[in-house]
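When a ligand or atom number is given, it counts from 1 through the structure's own listing order.
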Amino acid sequence: MDKFVVRGGNPLLGTIKVSGAKNSALPCMAAAILTEDEVILENIPQVRDIETERKLLESMGAEVELGYGRAQHRTHIQCAILSDPVAKYEIVKTMRASSLVLGPLIARTGIARVAMPGGCAIGGRPIDLHIKGLEAMGAKITQDHGYLEARTDRLKGAHIVFDKITVTGTEDLLMAAVLADGETLFENCAREPEVTDLAALLTAMGAKIEGAGTSTIRVQGVAKLHGARHRINPDRIEAGTFLIAGAITGGDLNVDCCDPSHLGSLLSKLEQCGVRLDVGKDAIRVRSEGAASGQLKAVNISTEEYPGFPTDMQAQFMALATQADGASTITENIFENRFMHVQELNRMGANITVQGRTATVRGRTPLESAAVMCSDLRASASLVLAALVADGESILDRVYHMDRGYERIEEKLRGVGAQIRRMGDVFGKK
Ligand code: UD1
């Protein structure tokens, strides 16, 4: 298992580029199931979850060519024949977002067999709302041997009100509705930019969708979709992580190729914290004097669905809060059990206590290097951020979590002055 070795203390200076959004790329790749034609996606990030989705699509009979060497990271996907519409457990267990193929598979082939995702480090994460929505559209759903099977002659338009806002649930059912017979009206939808990105691709493929990006989406089903070319949005969570890296290290960092309009709630919290931001059209310059200057002030955050503060930035913001003067409270409203990074941050010298859904971070505490364990994707990012300001050399174990969603993070950070390197396990154990 690879590790990161990080020596803290360097301010990050220069320009760092943001890759395409993993959470847009995953549903967009699944959308290729909806047509026999070729779908071309640009700006696909080179991360492990994308590789997993490639395997998943290929296992069903799709042809996928991930174009990492090419300009724009251009990826070609063609699902001319889907000989085996099954999402196998071996693949699904490593990536919960695999449930995104359920909707498009049943819409295209009338049958889908998808392994039930197992538990996950950040909570139970059920898919009951995906199932309920498909049933409302006429699918018959059964469960056997850990698999969920959905069947229908053709899905029918329906009126679906989500009991709870779900990002991949909205995406999954949107992909089902575009080929359904008649109109589907969705209410209480996720408004995340990733939903809007998927809807833009589906529209380019011939789907009739209104209202993506709002809580009410209306879809007129069509009989067939065709191929399309689409560019994936920049990754707002990667951009946010870099902004915090600039702020926490007392750097002067230009976070380039991002979409500032997707970062509103984070930017306002950073400004409240005392971080200076110059927001351009597709870049944000972040400047801070660093923790020692006393410039960083405690702020309270509470995670919410978009456009609220993203749960995927909570762990990284907590690392910053350890370097701000005063007590910050951080409330996690989306997922239970998403404070696994707290223990590791405390081992590095932070003073964080958790009560129920709220963590209180008492800053500023100098951080010291330690050997720490990454527990999930965003928790890993928070530990990298803490290590960048810690005194001495930290070793981060299990960075495969990080590789699920951050493209070449150590190279990108090294390019702006961080001392970080990847180390393979000397014993070669997996
Ligand atoms: C997506 C993102 C993830 C992000 C999350 C919340 C992808 C691939 N992943 O995950 O990075 O952290 O949104 O912004 O895009 N829920 C149910 N039943 C369901 C579905 C969800 O109860 O059928 C609950 C979940 O347990 C959770 C909440 O709804 O408490 C939100 O989850 P959801 O938006 O579905 O998260 P994901 O789409 O899995």
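For ligand 1, one of its N or O atoms has an N or O atom of I334 under 3.5 Å away. Ligand 1 has a nitrogen or oxygen under 3.5 angstrom from a nitrogen or oxygen of T168.
Looking only at side-chain heavy atoms (C-beta outward), Q46 and I50 stay at 4.5 Å or farther from each other. Looking at heavy atoms from C-beta onward, R378 lies in side-chain contact with I237 at the 4.5 angstrom threshold. Looking at heavy atoms from C-beta onward, R422 lies out of side-chain contact with E411 at the 4.5 angstrom threshold.
In this structure, P126 counts as a contact residue of ligand 1, since one of its heavy atoms falls inside 4.0 Å of the ligand. Look at I165 and you'll find a heavy atom under 4.0 Å from some atom of ligand 1. At least one heavy atom of K164 sits less than 4.0 Å from an atom of ligand 1. Distances from ligand 1 to the non-hydrogen atoms of R338 include at least one value under 4.0 Å.
When the heavy atoms of D172, V167, L100 are ranked by distance to atom 1 (C) of ligand 1, first place goes to V167. Counting heavy atoms only, N23 comes closest to atom 15 (O) of ligand 1 of the residues D128, D49, N23, T170.
By the criterion of a heavy-atom distance under 4.0 Å, both the backbone and the side chain of L129 are placed next to ligand 1. Contacts between T311 and ligand 1, counted as non-hydrogen atom pairs separated by less than 4.0 Å, involve the side chain only. Neither the backbone nor the side chain of R378 comes within contact range of ligand 1; no heavy atom lies under 4.0 Å.
Checked against a 6.0 Å centroid threshold, the rings of F309 and F317 count as neighbours.
Of the options D312, D376, N333, a side-chain hydrogen bond (donor to acceptor under 3.5 Å, both in side chains) to R338 is made by D312 and by none of the others.
Close approach of ligand 1 to H130 (heavy-atom distance below 4.0 Å) involves ligand atoms 23 (O). Applying the 4.0 Å criterion to heavy atoms of I127 picks out, from ligand 1, the atoms 19 (C), 23 (O).
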Decide yes or no on side chain to side chain contact (heavy atoms under 4.5 Å, CB included) for L296 and Q323, but give the supporting numbers first. CA-CA 7 Å; L296 300 177; Q323 298 308 294; 4.3 Å; yes
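A salt bridge does not link R74 to E65: none of the charged nitrogens lies less than 4.0 Å from a carboxylate oxygen.
Below 30°, between 30° and 60°, or above 60°: for Y306 and H262 the angle between ring planes is above 60°, a perpendicular geometry.
A donor-acceptor pair under 3.5 Å is formed between the side chain of S265 and the backbone N or O of G308.
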